[in-house]
Amino acid sequence: MISNCSKFGGFFQILLVIISVCIQLHLIIPATKNISIAGDMIFTYTLANNTYSPLFFNKEVIDAIPNTNGWFNAEILREWYLVNDYDRFDYKGVYWHQRIDVHPPLYYMLIHTVCSVFPGTYSNMYAGIVNILGILIIDLLFGLLFKTLYSNYIYAALPILIIPIQGGMVSQIFNLRMYILLEAMCFWYLYIHILSDINGWSRKRLIQFILCVILGCLSHNYFYVYAFCVTLVQIIRFIIQKRFYALINYLFTGMIGIMSVLIIFPWMIWQVIFNQQGKHTEIYGWNKEKIRDLIGFINEYWFSGQGRLILFIFAICAICVLLYKKLCKEEAITNSRYAWVITACSTLIYLLIIFTLDGGRDHYNSPEYIPVLFLFSAFIIWIIKTFTNDWRITFPILLLSGIALMGNRVGVLYDYFEAIHPVDVEWNELANEYHSCDCLCIGMQELHLMDYNFYEIAQFDEVKCIDADGYNDLNLKDILSGRITGTDSVVMYIAEDLLIPDDAVLLMNHRGYNCVYMENGDE
Amino acid sequence: MNKSFFQFIRYKWYLLVFMLLVCATYGSIRGAYKEHERTIWITPEDVNIRESIDNGRVSGDDIPKFIGYIGIAEEQNEFYSFKLSLVCAVLGIIPAFIAMFLYYKIYDRNALKCIRTELRRNNIEEDGFIVHF
């Protein structure tokens, strides 16, 4: 009878966790569908799906494209980010692009794989699928970790449900780049260390460690930074315990992992050590303002803007629990103490390093969000489990307290979406609506991303880019001549400080440009 | 230890793998360096699109549009890193065996025994490890 109850309890726990994952995905998937493809996000597709081409679209490259009076077929731009029949599942191009870029190739290979299943088409969901895969890996790791720490899967429901409402995670859900994959890999790395400390460093765990190092290093170069922080704490742990035999095994397997990465992708040396594209060179020193920024960042991205409230309540609860434990002479927690220490120390070291290098850029700080969520959940569990161990009582209290603390802005995901994205989405849709027209771009500063309008401009039939001087000096009829379909209407993206032609209709103003429509431009 | 050399290698297989990986890594980096040096960064002068497409213009049927680029870039993608990695790993087999033989010869020296005993202290997981002393 007891066995049946326990089996039913286990099944019920897993069912509740699965329901939590479904609720989580129900929040995330609709949001992913409506993301506007802006900024660096287009690189996710261009670097993954272009067979072999220059990374950037500069003036020299545009001049080299076959054209008549500067007009060229916009299909060339579309080809830049779509998979075509001739390059489906061809990973040589992806590898080559990453070799001369600043990121390792794993994420782009995943994107190329998804896009290859749907050749000739584009959807935000292709990159969204990879993001969701990363989130599912994180969910699974939470389940396994909480099972080890608290002998119960059910507690994983708390971080799983908070993922779509934590400020930092929300910002990454809307970012179609490799950072959620990086988060998953970093959390896996942390998970291996926590579990190995509880169950011992077995051969199976060491092999998993090698695999994690390989996949993590091939996901993003900032994995090295996070892995360094965790490894530093682990090495200190080994030295304090005088477990040199374990330390040698740990370092040995770590080196095997790193050497495997170097064999697969030696170009990381040029990216990380020689800083191939000269990134992260402007480092600002620490001062009062930077400390204020740091606090603001932690409040916004770690605690969804509820930092003061959460820390205040946590402090009160911690004092109460410690007093209770002292009065009742209960033993302090043992199983998860090192899990707290390694998570908190490594995350803080990482935060300080990255904040020094890059400030509060949400994507570079992304490996912190999940460990913080783990600490947040572990702390609430610790408080509740002090008074009762029955999960049927602890679980509802846990869920309610967690959501009440960080989720009193349950709509933060959609707030974010409403606040930032509709204009961008409208800007995207405008280009789709007028796709049969030709496109004239005037006064663009950054041609490699078309001033962040690459996706929009690629939707048209024929395209021409000219600078502001060319626009002022020439007459519009000369500029528009040379198109194959000279009778097509023209949509113009004109820098804000330039004059709009008299007969043009202003469609929208965004990203420093006026988007105007002109009927039968060549006539 | 009282084991033959080949028994010793079976017992210390991870050292052999480690040495071969070191050789392969060296080869990979050398290959990447060689390939990096001869990388021809694409410039408009390298592009012969105009010659390859009629009328100096891309029509909807020309696939891929950047055929000119493809020709150049594919030549650059020699994968020297993988090739040299394999070559160095194969060439590394003999030195690795020599190094293993030398280690076999000195394995039972008292100094090494002392170090191994010292390192084994406080160990709780010996059986599950990859590296054995």
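Chain identifiers are assigned alphabetically (A, B, ...) following the order of the sequence lines, protein sequences preceding nucleic acid strands; residue numbering begins at 1 within each chain.
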N/O donor-acceptor pair under 3.5 Å between A/Arg88 side chain and A/Cys115 backbone: no
Part of B/Val17 within contact of chain A (heavy atom distance under 4.5 Å): neither
Donor-acceptor pair, side chain of A/His97 and main chain of A/Gly93, under 3.5 angstrom: yes
Chain B contact via A/Phe265 - which portion, at a heavy-atom distance below 4.5 Å: neither
A/Ile269 versus chain B, the contacting section by heavy-atom distance below 4.5 Å: side chain
Polar side-chain atom of A/Glu79 near backbone of A/Asn84 as donor-acceptor pair, under 3.5 Å: no
B/Phe82, part contacting chain A, at a heavy-atom distance under 4.5 Å: side chain
Pair B/Phe79-A/Tyr95, ring-ring contact (aromatic ring centres under 6.0 Å, His included): steps then yes or no: CA-CA 10 Å; B/Phe79 294 109; A/Tyr95 188 88; 5.6 Å; yes
